[in-house]
Novice: 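Pasting a structure below so you can have a look.
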Amino acid sequence: MSEQLVRYEQFEYSDKNPFQILNIIRHKDLETRNEALQHHWHSELEICYIHEGNKTRHVVDGREIIDTQGKVIVVNSDSIHNIIDCYDDVEIGHISATVFIISRDFLKELIPNYEQIYFAPENDHDNEDIGEIMYKLSKYGNQPDYTPEIGEIEIIHIKSLVYELIYRLMSTRLSWRSVELPVNKAKNLERIKGVVSYIEQHYKEPLSQSEMAKRFYFSDGYFSRYFHKTMNMTFVEYVSRYRNMQARNLLITSDKTVTEIALECGFADSRRFIISFKKQYGITPLQYRKVERMSKNGNF
């Protein structure tokens, strides 16, 4: 699973197959180091089934969920969410999780009042039944050693599983969006989406918490508390992580100096960049570049 940009994420589908199946496979590389996938949202329904591992965490609409083995996590349409990866207890080459994405248009045709409903992100009482369906769906996703071909017959089976999956969700996790996300909470979440999008567009510039609170109509104190609750980290931590992600891309794809990358990514100087980067990735920027290039050249 690669890092996501902070954005409204879009997926492409065909009329015959309005789904996507992605298996998350543990690889021996630096991306397995407790990496936070930046918060994002999309119109699709996302369902995640944990095959192995008990250390990764989901944060969905400000709710933290520990991704224990066998658990099923649901991310509703337009819910802001991220994943804090830690695959240390997953065997290399094994599938740690299956992520199933379902088109919003398909769901609206299937469930007339889909826009008003909300599925509980977790439920300890239905993991076994829904997990069995997700396990079957995982066979049609990317595998450690091959990518299966999906023909007409396979699509029929996938759709039958999807109908069963939706039935299970409607039976055990159904609630109402107005109940789970009352007006004030919904408005605040929309403003937080505005904040993270603003960070994406302006991370190269100085960003202060007080200015951000004012821009998005929060008081300073409330913004600090609500941002931390929703994002599972402080505003300063979030900005630093996002800048480090952009810097990491430049370390891999360019020959720019550490100082050039630091200034381009919004850090005041190279010293602060090096300290922040090492805190997040465990090694200095130059060490990271060296390891990545050795790995790319087959020498690691």
Side-chain angles (χ1 to χ4, degrees), residues 1-4 9 11 19-26 32 34-90 94-104 107 111 114 117-142 161-162 164-177 179-181 185 189 192-193 229-233:
M1 182 181 289
S2 60
E3 291 172 334
Q4 304 290 336
E9 192 171 13
F11 298 89
F19 324 106
Q20 286 193 5
I21 305 170
L22 175 64
N23 287 322
I24 311 304
I25 302 168
R26 165 76 192 275
T32 64
N34 297 312
E35 183 60 88
L37 302 185
Q38 291 297 90
H39 291 71
H40 60 288
W41 55 94
H42 43 70
S43 67
E44 291 78 8
L45 181 69
E46 177 178 321
I47 304 163
C48 180
Y49 171 66
I50 309 303
H51 293 270
E52 291 187 22
N54 298 291
K55 293 184 178 180
T56 295
R57 289 176 288 158
H58 266 73
V59 180
V60 183
D61 290 331
R63 176 178 181 173
E64 184 176 4
I65 302 170
I66 305 300
D67 296 0
T68 53
Q69 185 173 341
K71 181 171 285 189
V72 176
I73 300 99
V74 177
V75 178
N76 287 270
S77 296
D78 300 324
S79 285
I80 186 168
H81 59 288
N82 85 324
I83 303 169
I84 302 173
D85 284 345
C86 183
Y87 299 135
D88 293 347
D89 56 348
V90 177
H94 283 205
I95 296 173
S96 63
T98 295
V99 178
F100 188 54
I101 307 291
I102 310 177
S103 162
R104 188 183 203 136
L107 290 165
I111 309 170
Y114 176 71
I117 67 175
Y118 187 93
F119 295 119
E122 63 176 332
N123 182 346
D124 292 336
H125 303 295
D126 65 3
N127 288 314
E128 186 173 350
D129 290 339
I130 297 179
E132 183 179 351
I133 300 170
M134 288 292 293
Y135 180 78
K136 292 177 180 178
L137 285 168
S138 73
K139 301 301 182 181
Y140 296 110
N142 55 300
L161 292 171
V162 172
E164 178 69 14
L165 180 62
I166 298 303
Y167 168 75
R168 294 290 181 184
L169 291 176
M170 295 287 286
S171 300
T172 61
R173 299 204 183 190
L174 181 63
S175 185
W176 299 101
R177 186 169 288 271
V179 173
E180 302 295 334
L181 298 175
K185 183 175 182 179
L189 286 172
I192 291 296
K193 289 179 182 178
K229 178 182 177 181
T230 304
M231 311 299 276
N232 202 42
M233 65 186 77

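Predicted model only: the values in this text are computed from it and were never measured. Position 1 is the first residue of the sequence; numbering continues from there.
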Novice: With side chains defined as the heavy atoms from C-beta onward, is the minimum distance between Ile166 and Leu107 less than 4.5 Å?
Specialist: yes

Novice: Between Asp78 and Ser43, which heavy-atom pair has the shortest distance, and what is it?
Specialist: OD1-CA, 3.8 Å

Novice: Over all heavy atoms of both residues, which pair between Tyr118 and Glu180 is shortest? Give the atoms and the distance, please.
Specialist: CD2-CG, 3.4 Å

Novice: Locate the shortest heavy-atom distance separating Ser138 from Thr98; write the atom from each residue and the value.
Specialist: CB-OG1, 3.1 Å

Novice: Does the side chain of Ile117 reach to within under 4.5 Å of the side chain of Trp176, using non-hydrogen atoms?
Specialist: yes

Novice: Please answer whether the main-chain N or O of Leu22 pairs with a side-chain N or O of Asn142 as donor and acceptor at a distance below 3.5 Å.
Specialist: no

Novice: Using a 4.5 Å cut-off on heavy atoms from C-beta on, say whether the side chain of Leu45 contacts that of Leu169.
Specialist: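 Side-chain contact under 4.5 Å: yes.
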
Novice: With the side chain counted from C-beta on, respond yes when Met231 and Ile192 share a heavy-atom pair under 4.5 Å apart, and no when they do not.
Specialist: yes

Novice: Which residue in the set Asn54, Val90, Asn127, Asp89 passes side-chain contact (heavy atoms from CB on, under 4.5 Å) when paired with Gln69?
Specialist: Asn54

Novice: Can you find a heavy atom in the side chain of Val75 that is under 4.5 Å from one in the side chain of Glu44?
Specialist: no

Novice: Taking all atoms of both residues into account, what is the closest heavy-atom pair of Asn23 and Gly141, and its distance?
Specialist: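 Looks like ND2-C, 3.5 Å.
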
Novice: Do the ring planes of Tyr49 and His51 sit parallel (below 30°), tilted (30 to 60°) or perpendicular (above 60°)?
Specialist: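 Judged by the thresholds at 30° and 60°, the geometry between Tyr49 and His51 is perpendicular.
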
Novice: For the residue pair Tyr140 and Lys136, confirm or rule out a side-chain donor-acceptor distance under 3.5 Å.
Specialist: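 Tyr140 vs Lys136: no donor-acceptor pair found between side chains.
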
Novice: Before you tell me yes or no, could you show the steps for Thr172 and Ile130 under side-chain contact (heavy atoms from CB on, under 4.5 Å), namely the whole-Å CA-CA distance, both residues' side-chain angles and the distance that decides it to 0.1 Å?
Specialist: CA-CA 10 Å; Thr172 61; Ile130 297 179; 4.2 Å; yes

Novice: Give the ring-plane orientation class for His40 versus His81, where under 30° counts as parallel, over 60° as perpendicular and anything between as tilted.
Specialist: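 Geometry flag for His81 against His40: tilted rings.
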
Novice: What heavy-atom pair brings Cys48 and Val99 nearest, and what distance separates the two atoms?
Specialist: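 Smallest heavy-atom distance, with atoms named: SG-CG2, 4.1 Å.
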
Novice: Are Asp61 and Ser79 linked by a side-chain donor-acceptor pair shorter than 3.5 Å?
Specialist: yes

Novice: Within the distance-only criterion (no hydrogens, no angle test), does the side chain of Arg173 pair as donor or acceptor with the backbone N or O of Ala120 below 3.5 angstrom?
Specialist: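 Checking the backbone N and O of Ala120 against the side chain of Arg173, a donor-acceptor pair under 3.5 Å is found.
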
Novice: Quick check for you: to the nearest 0.5 Å, what is the distance between Ile21 atom CD1 and Met134 atom CE?
Specialist: 8.5 Å

Novice: Taking Thr56 for the side chain and Cys86 for the main chain, is one N or O donor matched with an acceptor at less than 3.5 Å?
Specialist: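 Side chain of Thr56 to backbone of Cys86: a pair is present.
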
Novice: Within this structure, what is the OG1-CD1 distance for the pair Thr68 and Ile73, rounded to the nearest 0.5 Å?
Specialist: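 Between Thr68 OG1 and Ile73 CD1, I get 7.5 Å after rounding to 0.5 Å.
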
Novice: Of the non-hydrogen atoms in Leu161 and Ile133, which two are nearest, and what is the gap between them?
Specialist: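 So the two residues come closest at O-CG2, 3.5 Å.
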
Novice: Does this structure show an ion pair linking Glu52 with Arg26, if we count only N-O contacts that are shorter than 4.0 Å?
Specialist: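 No salt bridge links Glu52 with Arg26.
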
Novice: Do Ile47 and Leu137 pass the side-chain contact (heavy atoms from CB on, under 4.5 Å) test, and can you show the C-alpha distance, the side-chain angles, and the key distance before you say yes or no?
Specialist: CA-CA 11 Å; Ile47 304 163; Leu137 285 168; over 6 Å; no

Novice: Once rounded to the nearest 0.5 Å, what's the spacing between atom CH2 of Trp41 and atom CD of Glu46?
Specialist: 14.0 Å

Novice: Using a cut-off of 6.0 Å, state whether more than 12 heavy atoms not belonging to Glu64 lie near its atom CD.
Specialist: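 Yes, CD of Glu64 has more than 12 neighbouring heavy atoms, counting only those of other groups under 6.0 Å.
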
